[in-house]
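For the numbers below, each heavy atom of this structure counts, side chains included, while hydrogens, waters and symmetry mates do not. Computed from a prediction, not measured in an experiment: that's the story for all the values here.
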Amino acid sequence: MAQQNHDSFYVVAPKQPRENAPLCVVLHSANRTAYDYLGFACLGRQLDGSHEDPATVMTNSPDDFYSLYLNSTNAEWWGWTQTRLNRAQHSDAAPPAERRVLETIEWVAARYHVDRERIYLCGVSMGGCGTLGLGMPHGEIFAAIRADVPAGTGYASARMGDFAPSPAQDAPAAERAAWLRRATGVGLPDPPVIVDFSSPTDNWSITQPALVQAAEAGHLPLVLGWGPFGHTTFSTAIAKSPLCDVALAFPWLEIRRNEAYPVFTHASCDQICPWLNAPADFTNAGQMNAWFRWKQHEDTPAQFALELWIAHPPVKEKPPVVPETAQADITLRRLQQFKVQAGKSYAWEVSRDRKVVASGKGVPDAANLLTIPRVTLTTAVTLLTIKPEEQSN
């Protein structure tokens, strides 16, 4: 802690320097510094008293990326302390720590000519809290973010307009509608894709229900893995649960900021999550949305189309259930040329092997998000096509 500071950062170049390389931004944990995490990734330094391979620290990025290691302090907590002490001000305005982080990222991106469509953010523990709090409101900067055992989700809630706590199921309609606007992030850029690893055996996970419930109700792009791995810095501990290993294989570092993404909710291949609607019983280890993959097929003013499928990524141990088919509601976010307009009707089709297997019509919700219900996906590519209803013929 004596070496913590706000005054320095480290940039690590790709092993083969090139123009337009992606950038991964790393936020360190409590009692650590940026240099510690640089040491794990680049110098082979081990965590004090640990025999774990430093190459398995959750914040390590690929060799062909730029890496940016930033500094904060326990007292600052990546800006959460400043936000917590003045919530009214910082629900709309970034705290000083957030401004420092974003300005440093901008300086690095400009100086090293990084690919601005592929800037990513990650962190462990305190850094995971910062990843959610700094990353979720800034989909205009980050393509995707990954938080490992985040030390609280209150920062993210505050910067997203306060989605915590979730209202009771029997809350008045006006109260629930107001919360839903906050959970959706109305008025903010569409969030980056969020990958979150947390453990029911970790005391810090006590605030996970607010995030997970906001993600489901507000159609936030959440990929979640949980299991009995406690408060760990290493992927090896997480991968001991095969379904968490599936979540580790999710290709978050391939997502682009300038491409639309689908949000999956109510997926039939999800396990029973400990943080969703307070279940009496839940799956000890599981995932949400980690099996799904997509590729943009078309995004024009007249029509939008996505390729969707279930992936079976290679993992060390076969999970207890490997889905061949699954159903999920699919919501479109981060649309580029194709725009969804309030009050307008849209026709959609689901096809496989050029044969239409389902079709229907829908209108955007109060947050102007369009959701296609109960889409069946398989390991074969499924094409979801959407166009304004008057153009559907």
Side-chain angles (χ1 to χ4, degrees), residues 8-29 32-47 52-72 100-124 127-128 130-131 134-135 138-148 192-195 197 223 233-236 238-239 245-259 261 293-296 311 313-316 334 336:
S8 62
F9 60 89
Y10 303 89
V11 179
V12 179
K15 284 192 174 180
Q16 298 295 327
R18 60 186 175 93
E19 286 281 312
N20 214 37
L23 170 66
C24 187
V25 182
V26 177
L27 308 184
H28 64 78
S29 57
R32 294 286 173 184
T33 66
Y35 188 74
D36 287 328
Y37 277 77
L38 181 151
F40 303 148
C42 305
L43 306 177
R45 295 178 62 193
Q46 287 187 315
L47 220 62
E52 294 279 2
D53 182 354
T56 66
V57 169
M58 286 288 286
T59 52
N60 294 348
S61 56
D63 288 343
D64 59 344
F65 278 49
Y66 278 99
S67 298
L68 170 59
Y69 296 88
L70 295 170
N71 269 307
S72 184
R100 184 183 76 246
V101 166
L102 298 184
E103 288 167 6
T104 307
I105 293 170
E106 172 57 31
W107 185 88
V108 170
R111 181 177 179 87
Y112 296 102
H113 309 290
V114 305
D115 185 348
R116 290 179 180 271
E117 310 304 341
R118 297 187 65 196
I119 297 178
Y120 307 94
L121 180 65
C122 64
V124 173
T131 293
L134 295 165
H138 288 293
E140 82 282 11
I141 297 174
F142 302 110
I145 63 176
R146 188 168 81 171
D148 177 47
V193 172
I194 307 155
V195 184
F197 290 93
V223 175
T233 305
F234 300 98
S235 62
T236 44
I238 296 172
D245 207 5
V246 171
L248 285 169
F250 182 79
W252 69 290
L253 292 174
E254 297 176 11
I255 293 167
R256 297 182 61 86
R257 185 191 62 164
N258 61 343
E259 292 181 352
Y261 58 71
R293 302 289 188 271
W294 66 87
K295 181 181 179 182
Q296 186 169 290
V315 293
K316 293 180 180 178
R334 203 182 250 169
Q336 302 294 304

S.K.: Treating Gln336 as the side-chain partner and Arg334 as the backbone partner, does any N or O pair qualify as donor plus acceptor under 3.5 Å?
M.R.: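 Yes; at least one donor-acceptor contact below 3.5 Å.
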
S.K.: When you check the gap from the basic side-chain N to the acidic O, do Arg116 and Glu106 get nearer than 4.0 Å?
M.R.: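 Yes, charged N to carboxylate O under 4.0 Å.
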
S.K.: Quick one: pull up OH in Tyr10 and CG in Leu70 and give me the separation to the nearest 0.5 Å.
M.R.: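 One finds 11.5 Å between OH of Tyr10 and CG of Leu70.
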
S.K.: Could you walk me through whether Arg32 and Thr233 pass the side-chain contact (heavy atoms from CB on, under 4.5 Å) check?
M.R.: CA-CA 12 Å; Arg32 294 286 173 184; Thr233 305; over 6 Å; no

S.K.: Count the heavy atoms belonging to other residues, nucleotides or ligands that lie under 6.0 Å from CD of Gln16, then report whether that count exceeds 12.
M.R.: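 Atom CD in Gln16 is not crowded, with 12 or fewer foreign heavy atoms closer than 6.0 Å.
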
S.K.: Short question: side chain of His28, backbone of Ser72 - any donor-acceptor pair under 3.5 Å?
M.R.: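 Flag set: sc His28 to bb Ser72 pair under 3.5 Å.
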
S.K.: Are the side chain of Thr131 and the backbone N or O of Gly123 linked by a donor-acceptor pair below 3.5 Å?
M.R.: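 Indeed, once roles are kept as given, a pair shorter than 3.5 Å links the two residues.
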
S.K.: For Thr236, what residues pass the side-chain hydrogen bond (donor to acceptor under 3.5 Å, both in side chains) criterion, not counting sequence neighbours?
M.R.: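 Partners of Thr236 by the side-chain hydrogen bond (donor to acceptor under 3.5 Å, both in side chains) criterion, ordered by chain and then number, come out as Glu52.
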
S.K.: Could you walk me through whether Arg256 and Glu117 pass the salt bridge (Lys or Arg N to Asp or Glu O under 4.0 Å) test, one step at a time?
M.R.: CA-CA 5 Å; Arg256 297 182 61 86; Glu117 310 304 341; 5.5 Å; no

S.K.: Is it the case that the side chains of Thr56 and Ser235 hold a donor-acceptor pair, with the cut-off being a distance below 3.5 Å and no angle test?
M.R.: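 Looking only at side-chain atoms, Thr56 and Ser235 do not form any donor-acceptor pair under 3.5 Å.
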
S.K.: Stepwise, does the side-chain contact (heavy atoms from CB on, under 4.5 Å) test hold for Met58 with Phe234?
M.R.: CA-CA 6 Å; Met58 286 288 286; Phe234 300 98; 6.0 Å; no

S.K.: Return yes if a side-chain donor-acceptor contact under 3.5 Å exists between Thr33 and Tyr69, otherwise no.
M.R.: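 Side-chain D/A pair, Thr33 to Tyr69: absent.
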
S.K.: Please confirm whether the backbone N or O of Pro54 pairs with a side-chain atom of Asn60, one donor and one acceptor, at under 3.5 Å?
M.R.: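 Confirmed, Asn60 side chain pairs with Pro54 backbone.
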
S.K.: Measure the acute angle between the ring planes of Tyr120 and Trp252, then classify it against the limits of 30° and 60° as parallel, tilted or perpendicular.
M.R.: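 Because their plane-to-plane angle is over 60°, the rings of Tyr120 and Trp252 count as perpendicular.
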
S.K.: Is a side-chain N or O of Asp245 found less than 3.5 angstrom from the main chain of Lys316, in a donor-acceptor match?
M.R.: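 Confirmed, Asp245 side chain pairs with Lys316 backbone.
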
S.K.: Between Asn71 (side chain) and Ala34 (backbone), is there a donor-acceptor pair under 3.5 Å?
M.R.: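 Indeed, once roles are kept as given, a pair shorter than 3.5 Å links the two residues.
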
S.K.: Go through Leu38 and Val12 one step at a time and tell me if the side-chain contact (heavy atoms from CB on, under 4.5 Å) criterion holds.
M.R.: CA-CA 8 Å; Leu38 181 151; Val12 179; 3.8 Å; yes

S.K.: For residues Leu121 and Leu134, determine if any side-chain heavy atom of one lies less than 4.5 Å from a side-chain heavy atom of the other.
M.R.: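 In short, these two side chains touch, coming nearer than 4.5 Å.
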
S.K.: Applying side-chain contact (heavy atoms from CB on, under 4.5 Å), run through Phe9 and Trp107 and close with a yes or a no.
M.R.: CA-CA 12 Å; Phe9 60 89; Trp107 185 88; 3.9 Å; yes

S.K.: Taking Arg118 for its side chain and Leu23 for its backbone only, find out whether a donor-acceptor pair lies under 3.5 Å.
M.R.: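 Side chain of Arg118 to backbone of Leu23: no pair is present.
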
